[in-house]
Amino acid sequence: MEIDAVPQDNNATLNGYRKAVYARDASGRIQAVASSGWEVEEIVTTQAADSLRRQAEEALSAARAGTGSTLAYWMFERRMDVALLAQGSGRWQWQVRRDLLPGRWSALDARTQARYAQALGLTVETIGTCP
Amino acid sequence: MSLAPFAHRHAAHCESGVMANLLTHAGAPVSEAAAFGLSSALSFAYLPMVKIYGFPLVSYRMPPKAIIKGLRRPFGARLRFETFGSAEDGRARLDALLAKGQAVGAQTSVYWLPYFPPEMRFHFNAHNLVIYGREGDDYLVSDPVTEDPVRCAVDDMTRARFAKGVLAPKGLLYTLESLQHPRPAPEHWRRAIRSTCRNLLAPIPIVGVRGMRMLARRIARLDPTAEHSREWVGHVVRMQEEIGTGGGGFRFLYAAFLQEAAEAAERPALAAQADALLEIGDAWRMFALRAARMIRGREPFVPGTLAGLLNDLADRETQFFQTLRRIVA
């Protein structure tokens, strides 16, 4: 890639940050230049972020309707899935899946609740509610 | 090792950037590209059994910590690694090192670093940065992927250092204790290149050019009508271009290394290979571009086309690394 071909697409996902990209200058030397982003990266990052956001929104409506749990909402809100939450809390995935059932949260013992709170970086009270 | 102010340099990749900056700080001026190449960090692996948000891991470089550890031999460097059982111990140890004026490498989770752009904060646990001081409740941080040094609250940094999950950092800190060869010998440069050729041409189905072909076969099998297939391809591109400056970016970085190596490894023919690799990097970017256009519906979603591009890349890289291997033999 030549230096003048380095994309400067002002990616919204980079929020003003610039990343270093290596390209060839006029004298043929390859060096790092700052790039404000490439549209391609923005497309795929937005796709991934939207997918997580959509899951969070669905979980939120389910939690409000009582057909889902508040823990499920906070899991997606914190950009986690069952695998990540299991690793973060030190629980088995099947336990996490069970704990995501509606109404299950208040039945958990205080120690387990605290483990989820720690993994999500939230307080126990917050996880029991939804915004 | 020295009390000089820490010189921050912007880098394409966190681990090579951290090591280049730490080595330079310790008196061995080295570019990011040299740190990346001398540790033989370029690679390719398709690991369908490792899932990230439910998608397979596609990696364009060696596993985390390969650069840090790979630089020990060429520089004759002694590194000290420390992990901690509790966040409190980890924080105290970091503060003690900083009080001595040390620049300290640390492994963190991107998700918990508040200065990162919100959209970029995914749960990725192997992000490297240098902490070079503390002022009040803030650490002074040289994060190689940011243009300038940043500040990060002590509590946030501690949280990021003790994130759980795959590749959990466990508060990992590393410091350079001593350094024997500020300028690695030409043979070290050649050895590093040979090792990269061996990786890319490895006779293992999920690694190197064979891994690319396996990924191509998997993409060709995707159902063109399913939304999930678009997310699958988007994930591959994201691993390539966004996470640690994957495929195209790593090829450009390695090209910069080969350009330096032409002189440092005493193999002038490497300069032409640097240009050849830039062209391959452009082809990787073309693959990403076509994929993104298909995801957005700007051209019909045809997995077979993408698989074909990937197979072409595997062909070109096979030829490229065979030539490279002959030059440094």
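Since this is a predicted model, take the numbers as computed values, not measurements. In what follows, chains are A, B, ... by sequence order, proteins preceding strands, each numbered from 1.
The OG1 atom of T108(B) sits 7.0 Å away from the CG atom of N128(B) when rounded to the nearest 0.5 Å.
Side-chain atoms of M1(A) and V6(A), non-hydrogen and from C-beta on, do get closer than 4.5 Å to each other. With contacts defined as side-chain heavy-atom distances shorter than 4.5 Å, the pair V141(B)/Y115(B) qualifies. In this structure the side chain of F116(B) reaches within 4.5 angstrom of the side chain of D143(B), judged on heavy atoms.
Annotation: maximal heavy-atom pairing with chain B below 4.5 Å, among R78(A), R29(A), R79(A), occurs at R79(A). Of the listed residues (T46(A), L85(A), V82(A), L84(A)), the greatest number of heavy-atom pairs within a distance under 4.5 Å of chain B belongs to L84(A). Counting heavy-atom pairs closer than 4.5 Å to chain A, the top-ranked of the candidates R9(B), R121(B), K51(B), E260(B) is R121(B). Each of A256(B), G54(B), A33(B) has some count of heavy-atom pairs under 4.5 Å with chain A, and the biggest count is that of A256(B). Chain B forms more heavy-atom pairs under 4.5 Å with one residue of A49(A), G121(A), S35(A) than with any other, namely G121(A). Ranking K164(B), R296(B), E279(B), Q259(B) against chain A, the residue ahead of the rest is Q259(B), based on heavy-atom pairs under 4.5 Å. Contact count against chain B (heavy-atom pairs under 4.5 Å) is highest for E39(A) among E2(A), Q31(A), E39(A).
No cation-pi contact links R316(B) to W284(B), judged by a cut-off of 6.0 Å to the six-membered ring centre and 45° from its axis. Geometrically, R238(B) engages F122(B) in a cation-pi contact defined by less than 6.0 Å to the ring centre and at most 45° from the axis.
For I43(A), the parts sitting under 4.5 Å from any heavy atom of chain B are the backbone and the side chain alike. The part of V150(B) that comes within reach of chain A is its side chain, from C-beta onward, which places non-hydrogen atoms under 4.5 angstrom from that chain. For chain A, the nearby parts of E231(B) are the backbone and the side chain; heavy atoms of each come within less than 4.5 Å. Neither the backbone nor the side chain of V233(B) comes within less than 4.5 Å of any heavy atom in chain A. When heavy atoms are compared at a cutoff of 4.5 Å, P118(B) approaches chain A by way of both its backbone and its side chain. Contact of L289(B) with chain A is made through backbone and side chain together, with heavy-atom distances under 4.5 Å. The part of A119(A) that comes within reach of chain B is its backbone (N, CA, C, O), which places non-hydrogen atoms under 4.5 angstrom from that chain. Contacts of F162(B) with chain A are absent, with no heavy-atom separation under 4.5 Å from either backbone or side chain.
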ask   = How far apart are the C-alpha atoms of S16(B) and H13(B), what are their side-chain angles, what is the distance that settles it, and do they pass the side-chain contact (heavy atoms from CB on, under 4.5 Å) test?
value = CA-CA 6 Å; S16(B) 47; H13(B) 175 52; 3.4 Å; yes
key: Full working for side-chain contact (heavy atoms from CB on, under 4.5 Å) between F252(B) and R285(B)   = CA-CA 11 Å; F252(B) 297 135; R285(B) 287 170 62 81; 3.3 Å; yes
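Side-chain contact check for E41(A) and T13(A): no donor-acceptor pair (N or O, by modelled atom type) lies under 3.5 Å. Using modelled atom types and a 3.5 Å distance limit, the side chains of Y22(A) and E32(B) yield a donor-acceptor pair. Side chains of S109(B) and R159(B): no donor on one and acceptor on the other come within 3.5 Å.
Contact residues of residues 90-114 of chain A toward chain B are absent (heavy-atom distance under 4.5 Å).
Less than 6.0 angstrom separates the ring centroid of H228(B) from the ring centroid of F55(B). With ring centers used as reference points, F257(B) lies under 6.0 Å from W189(B).
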